[in-house]
Amino acid sequence: MGVRSDPCRGFAQRAADRGGDGQIRLAPPRPVYFHDVYLQNVQVRDRHASAPAGRHRTRPFGIAKGYAVDAVAALLEAAGFVHHLVEIGGELVGAGMRPDGDPWWVDLETPTGTILPPLRVALHGMAVATSGDYRRGAHTLDPRTGRAIDTGIVSASVIHRTAMDADAWATALTVLGPVAGLELAREQGLAARLVTLVDGDTCEYLSPGLAAMLFD
């Protein structure tokens, strides 16, 4: 499927001029410029990464909050807290049980302006992450073009063993769009929900993995 989330797009992100409403104002990219700074020019050998001198800058786009959630959960587990729920910026991981004996039930986020029935999942040794533009406006760039995405997806949620993986997959599915995103989710066995909002019409897409989890 190619790269759908690129940690080396720091300069491309800086090139995006945000207006007061938080929306991306991105001038037409210079083709060589964006091809030069992306991940295909990074070489990994013996767990070390290197890149040619030039405009390379890495940022943990798409995984930062998930990684932080996993790190806090690991610290709690190491300290002996086997029952916990950790949340940072809408990304969550749950372990053990609630004090009342129930699992950690959480509702997947519903984007503003959409009308959808609540979708509740139990986080028992699982994590969930949601990617989308409904909070901060358009801010997700397609690493293939350097431009803001226009896939119609306003929310992509993924349930996974780790929050970092869920975060990364949610970002990738957002960039791909509902058709290619669902196909990738099916191929990878991901439990995912995609929500689109086009011309006022809301559509919800559930991957086979999530459907099986909900109706098992």
Side-chain angles (χ1 to χ4, degrees), residues 1-5 60-70 73 85-95 98 102-143 148-216:
M1 299 296 292
V3 174
R4 297 296 179 267
S5 183
F61 292 104
I63 65 169
K65 288 187 294 182
Y67 175 84
V69 170
D70 290 336
L85 178 70
V86 180
E87 186 270 341
I88 298 177
E91 326 294 47
L92 303 98
V93 63
R98 287 162 41 108
D102 281 347
W104 299 104
W105 290 101
V106 299
D107 289 343
L108 298 188
E109 296 186 63
T110 300
T112 303
T114 62
I115 301 176
L116 293 171
L119 187 55
R120 182 165 295 181
V121 297
L123 297 183
H124 182 67
M126 299 295 289
V128 62
T130 299
S131 176
D133 291 340
Y134 60 95
R135 281 184 172 182
R136 296 186 288 152
H139 68 278
T140 304
L141 302 183
D142 187 332
I149 63 170
D150 185 22
T151 62
I153 289 184
V154 291
S155 172
S157 299
V158 174
I159 302 168
H160 207 279
R161 297 293 300 179
T162 72
M164 185 179 73
D165 285 325
D167 206 357
W169 281 118
T171 301
L173 298 184
T174 300
V175 172
L176 283 172
V179 176
L182 273 182
E183 177 62 20
L184 180 62
R186 185 192 63 78
E187 292 175 356
Q188 298 296 323
L190 301 176
R193 180 184 78 159
L194 308 179
V195 179
T196 61
L197 181 61
V198 180
D199 297 329
D201 294 328
T202 302
C203 290
E204 180 184 51
Y205 304 84
L206 303 183
S207 70
L210 181 56
M213 181 182 297
L214 293 175
F215 303 114
D216 186 4

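In what follows, residues are counted from 1 in the order of the sequence shown.
Across all their heavy atoms, Ala170 and Ala129 have their closest contact at CB-O, 4.0 Å. Annotation for Ala95 and Trp104: closest pair O-NE1, 2.9 Å, computed over non-hydrogen atoms. Residues Glu91 and Gly66 come closest through the heavy atom pair CG-N, 4.3 Å. In terms of heavy atoms, Val69 sits closest to Leu92 at CG1-C, 4.1 Å. Across all their heavy atoms, Ala68 and Ile88 have their closest contact at CB-CD1, 3.8 Å.
The salt bridge (charged side-chain N to carboxylate O under 4.0 Å, His left out) search around Arg98 returns Asp100, not counting sequence neighbours. Annotation: side-chain hydrogen bond (donor to acceptor under 3.5 Å, both in side chains) contacts of Asp199 (sequence neighbours excluded): none. Take Ala192 and apply the side-chain contact (heavy atoms from CB on, under 4.5 Å) test, not counting sequence neighbours, and it matches Val158, Leu173, Ala185, Ser207. Arg186 is linked by a side-chain hydrogen bond (donor to acceptor under 3.5 Å, both in side chains) to Glu183, counting only residues two or more places apart in sequence or in another chain. Scored by the side-chain hydrogen bond (donor to acceptor under 3.5 Å, both in side chains) test, Ser157 finds Thr130 as partners (sequence neighbours excluded).
In this structure, OG1 in Thr174 is found 7.5 Å from CG in Leu194, a value given to the nearest 0.5 Å. Atoms CG and CH2, on Leu184 and Trp169 in that order, are 5.0 Å from each other to the nearest 0.5 Å. Distance check, rounded to the nearest 0.5 Å: CG of Leu190 to CD1 of Ile159 gives 10.5 Å. For the atom pair OG1 (Thr110) and CD (Glu204), the distance works out to 8.0 Å, reported to the nearest 0.5 Å.
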Per-pair distances, 0.1 Å, donor-acceptor, side chain in residues 115-122, under 3.5 Å, sequence neighbours excluded:
{"unit_1": "Arg120", "atom_1": "NE", "unit_2": "Asp107", "atom_2": "OD1", "d": "2.6"}
{"unit_1": "Arg120", "atom_1": "NH2", "unit_2": "Asp107", "atom_2": "OD1", "d": "3.4"}
{"unit_1": "Arg120", "atom_1": "NH2", "unit_2": "Asp107", "atom_2": "OD2", "d": "3.2"}

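Annotation: side chain of Thr162 is not in contact with side chain of Val93 (no heavy-atom distance under 4.5 Å).
In this structure, Glu87 contributes its side chain and Gly89 its backbone to a donor-acceptor pair below 3.5 Å. At least one donor-acceptor pair closer than 3.5 Å links the side chain of Asp70 to the backbone N or O of Met164.
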Evaluation steps, side chain to side chain contact (heavy atoms under 4.5 Å, CB included), between Met126 and Val128: CA-CA 7 Å; Met126 299 295 289; Val128 62; over 6 Å; no
